[in-house]
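Taking it in order: structure first as structure tokens, then the write-up.
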Amino acid sequence: MTKSAIALPQLQSRLSRQVTIWVFLSIVVIEGIVFVPSYFRRRVEALRALETISQEVLNSTKAEIVNAMPEQQILSQIQLKEGSLIKGVALHDANGQLVDSVGEPPAFGADVFAKPAPATPSWVSMAIRSDTTMPAVRRMNPKGDRYDIAWPNEGEQLPYQLAIRHDATIVQREMRRYALGVMGLVIIISAFVTIMTLLVVQRIIIRPLLLLRDDLSMAGEALAQGDSPNFASLQRPSPNELGEVAVVFQTMFNRIKQEICDRQEAESDLRSEQEKTNQLLLNILPAAIATQLKENQAQAKQGKAIAQRFETATVLFADIVKFTELAADTEPTVLVQQLNDIFSAFDAIAQRHRLEKIKTIGDAYMVVGGVPSVQPNHAEAMVEMAIEMMQFARSYSLETPTGTHHLRLRIGINTGPVVAGVIGIQKFSYDLWGDTVNIASRMESHGIVDRIQVSEDTYLHLKDIYLFEDRGYLPIKGRGEMRAFLLTETPL
């Protein structure tokens with residue numbers, strides 16, 4: 001938060017502007033209500049000052065009327081000078097009819113003099129009349145520059161009645177100055193109270209709110225980054241409800257942060273377990289089959305098999321020759337470790353040639369090419385694997401109690417259609433079915449030690465790439481005689 005946001009909240013904070021406007025308007029309205037009656041009282045007082053002059057004219061004229069002066073001479077004594085506050089005098093008979101006038105005649109008709117003190121046309125004139133016991137009728141013209149007073153006969157049986165017009169422009173100017181002074185005073189008072197209110201609101205409300213707002217923004221970024229910021233609203237908390245809100249905010253932030261950390265840790269552990277599970281599953285099943293199995297867990301739990309037919313695939317069987325006799329006197333842990341070394345090397349070769357290991361059966365090893373992912377050169381890749389397996393066997397030695405023996409293999413390969421999939425609901429394993437698998441097994445069992453034997457179908461796929469020796473027809477159990485070939489391991 002910038003310093004200007006704190007130093008000048010009235011320019012930065014919308015809340016400050018709203019408070020300022022409402023406080024200012026409220027004070028103006030209240031002071032206006034108080035000063036309006038005083039304005040009219042002041043106006044009445046100013047008009048009363050004009051009546052003192054009227055009283056002098058009335059008293060002098062009444063004496064002439066009492067002395068029975070002729071009506072043409074009653075007003076002759078009145079001299080209206082330029083600049084005089086008396087602008088005109090009118091003489092009416094007992095019936096209210098105009099007899100004579102001097103200057104500007106007042107705007108009174110016969111009805112005013114017919115009965116005493118009639119209702120005046122404006123509430124201002126009524127207010128003026130209410131303050132005096134004089135039997136007079138007062139009127140202000142629409143422009144406000146003429147003030148007329150009529151004195152009907154009341155109790156005195158005089159033959160004539162008077163009405164006087166006054167120049168009220170001096171009252172207008174005085175009331176204008178008074179109104180401007182009142183307005184200025186109202187504005188000064190309103191501005192002072194508003195500024196003081198604004199300073200107080202800024203200190204006890206606006207500044208803490210701005211700090212809390214910035215802390216809330218900082219809290220969002222801190223939660224995303226896992227940080228623990230120092231919140232400004234807590235450095236000097238307000239000694240009121242806003243300070244309590246800041247403390248509650250800090251508590252809430254710490255709780256949310258802890259929950260997020262716990263959840264992230266739990267999710268991390270869950271991801272780690274899932275990764276371990278996925279890796280374990282991939283060690284058991286091909287990736288495509290593992291994905292399909294996870295997507296169809298409900299079907300797998302119901303015992304529905306996941307199977308697919310492949311029109312062409314190449315299957316390899318490999319067997320360690322005389323391993324059973326060699327392992328008879330070997331400790332089980334040593335035996336298992338040696339098998340693990342051998343089959344781990346075979347696994348690496350299979351992975352390098354994008355072939356799929358199916359299973360090990362005792363000291364036998366089974367692998368397939370072209371399943372479950374289609375591989376156009378699966379037969380060639382399988383032969384390359386068989387060659388590398390033979391090369392590994394020649395370099396590996398079996399340690400037994402009877403001495404050191406070279407690893408010797410018998411490998412059989414066949415190409416043809418297979419069905420591959422996963423069956424059962426427990427201890428899943430990916431397996432192959434079909435005559436192609438059986439013939440590959442027979443190629444291995446009827447093969448020659450340290451040689452790679454292939455069926456006629458595999459030979460037909462690779463005859464243009466590798467050299468083979470024709471073994472002729474071999475008796476195969478369940479299939480009769482089948483033609484077999486031995487790889488010379490020398491490509492064309």
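Here, residue 1 is the first one in the sequence, and each next residue gets the next number. What you see is a predicted model; the values in this text were computed from it and never measured.
The minimum heavy-atom distance linking Val418 with Ala313 is given by the pair CG2-CB, 3.9 Å. Scanning both residues, Tyr473 and Arg483, for their nearest heavy atoms gives CD2-N, 3.6 Å. For the pair Ala484 and Asp470, the tightest heavy-atom approach, listed with the atom from each and the gap, is O-OD1, 3.5 Å. Scanning all heavy atoms of the two residues, the minimum distance from Arg410 to Gly447 falls at CD-O, 3.4 Å. Here the shortest heavy-atom pairing between Ile411 and Ala318 reads CG1-CB, 3.9 Å. Considering every non-hydrogen atom in both Ser190 and Ile27, the closest pair reads OG-CG2, 3.2 Å.
If you take CD on Gln172 and CG on Asp145, they are separated by 5.5 Å, rounding to the nearest 0.5 Å. For the atom pair Leu25 CG and Ile30 CD1, the distance stands at 11.0 Å (nearest 0.5 Å). Atom CD1 of residue Ile358 and atom CG of residue Asp431 lie 7.0 Å apart, to the nearest 0.5 angstrom. Between the CD atom in Glu267 and the CD1 atom in Ile260 there is a gap of 10.5 Å [rounded to 0.5 Å]. For the atom pair CG of Leu487 and OH of Tyr459, the computed distance is 12.0 Å after rounding to the nearest 0.5 Å. Taken to the nearest 0.5 Å, the CE atom of Met175 stands 8.0 Å off from the CZ atom of Phe40.
Looking only at distances, no side-chain donor or acceptor of Thr436 sits under 3.5 Å from a matching main-chain atom of Thr415. Ser268 places no side-chain N or O within donor-acceptor distance of the main-chain N or O of Gln264, the cut-off being under 3.5 Å. Without hydrogens or angle criteria, Glu174 side chain to Arg42 main chain gives no donor-acceptor distance under 3.5 Å. Not a single donor-acceptor pair under 3.5 Å links the side chain of Arg309 to the backbone N or O of Val419. In this structure a side-chain-to-backbone donor-acceptor pair under 3.5 Å is missing from Asn414 to Ser455. Arg408 places no side-chain N or O within donor-acceptor distance of the main-chain N or O of Ala393, the cut-off being under 3.5 Å. Side chain of Ser445 to backbone of Arg442: a donor-acceptor contact under 3.5 angstrom is found.
With 3.5 Å as the limit, one finds no donor-acceptor pair spanning the side chains of Arg354 and Gln375. No side-chain donor-acceptor contact under 3.5 Å links Asp347 and Gln351. Looking only at atom types and distance, the side chain of Thr312 has a donor-acceptor partner in the side chain of His378 under 3.5 Å away.
With contacts defined as side-chain heavy-atom distances shorter than 4.5 Å, the pair Tyr396/Gln338 qualifies. By the 4.5 Å heavy-atom criterion applied to side chains, Tyr147 and Arg138 are counted as neighbours. Tyr178 has its side chain within reach of Ser38: a pair of non-hydrogen atoms, C-beta onward, lies under 4.5 Å apart. Using a 4.5 Å heavy-atom cutoff, the side chains of Phe468 and Leu462 are in contact. At least one side-chain heavy atom of Asn438 sits less than 4.5 Å from a side-chain heavy atom of Asp435. Using a 4.5 Å cut-off on side-chain heavy atoms (C-beta onward), Leu474 and Gln453 make contact. No side-chain heavy atom of Met183 sits under 4.5 Å from any side-chain heavy atom of Phe35. With contacts defined as side-chain heavy-atom distances shorter than 4.5 Å, the pair Tyr365/Ile320 does not qualify.
Open room surrounds CD1 on Ile170; 12 or fewer heavy atoms of other groups in view lie less than 6.0 Å from it. For Trp22, the CH2 atom counts as loosely surrounded, since its 6.0 Å shell holds 12 or fewer non-hydrogen atoms of other residues, nucleotides or ligands.
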Q. Run the side-chain contact (heavy atoms from CB on, under 4.5 Å) check on Ile476 and Met443 step by step: do they pass?
A. CA-CA 9 Å; Ile476 303 299; Met443 289 292 106; 4.1 Å; yes

Q | Verdict with reasoning, Tyr430 to Val371, per side-chain contact (heavy atoms from CB on, under 4.5 Å) | A | CA-CA 11 Å; Tyr430 190 66; Val371 175; 3.1 Å; yes

Q: Could you go through the side-chain contact (heavy atoms from CB on, under 4.5 Å) check for Leu47 and Met140 one step at a time?
A: CA-CA 10 Å; Leu47 293 174; Met140 184 74 72; 3.7 Å; yes

Q: Under the side-chain contact (heavy atoms from CB on, under 4.5 Å) rule, what do Phe310 and Val368 come out as? Steps first, then yes or no, please.
A: CA-CA 11 Å; Phe310 296 87; Val368 66; over 6 Å; no

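Residues satisfying the side-chain hydrogen bond (donor to acceptor under 3.5 Å, both in side chains) criterion with Glu384, sequence neighbours excluded, are Tyr466. Looking at residues two or more places apart in sequence or on another chain, you find no side-chain hydrogen bond (donor to acceptor under 3.5 Å, both in side chains) involving Asn340.
Among Leu467, Val454, Ile452, Ile413, the single residue meeting the side chain to side chain contact (heavy atoms under 4.5 Å, CB included) criterion with Phe485 is Val454.
Look at Arg471 and Glu469 and you find no salt bridge, because none of the NZ, NE, NH1 or NH2 atoms lies under 4.0 Å from a carboxylate O.
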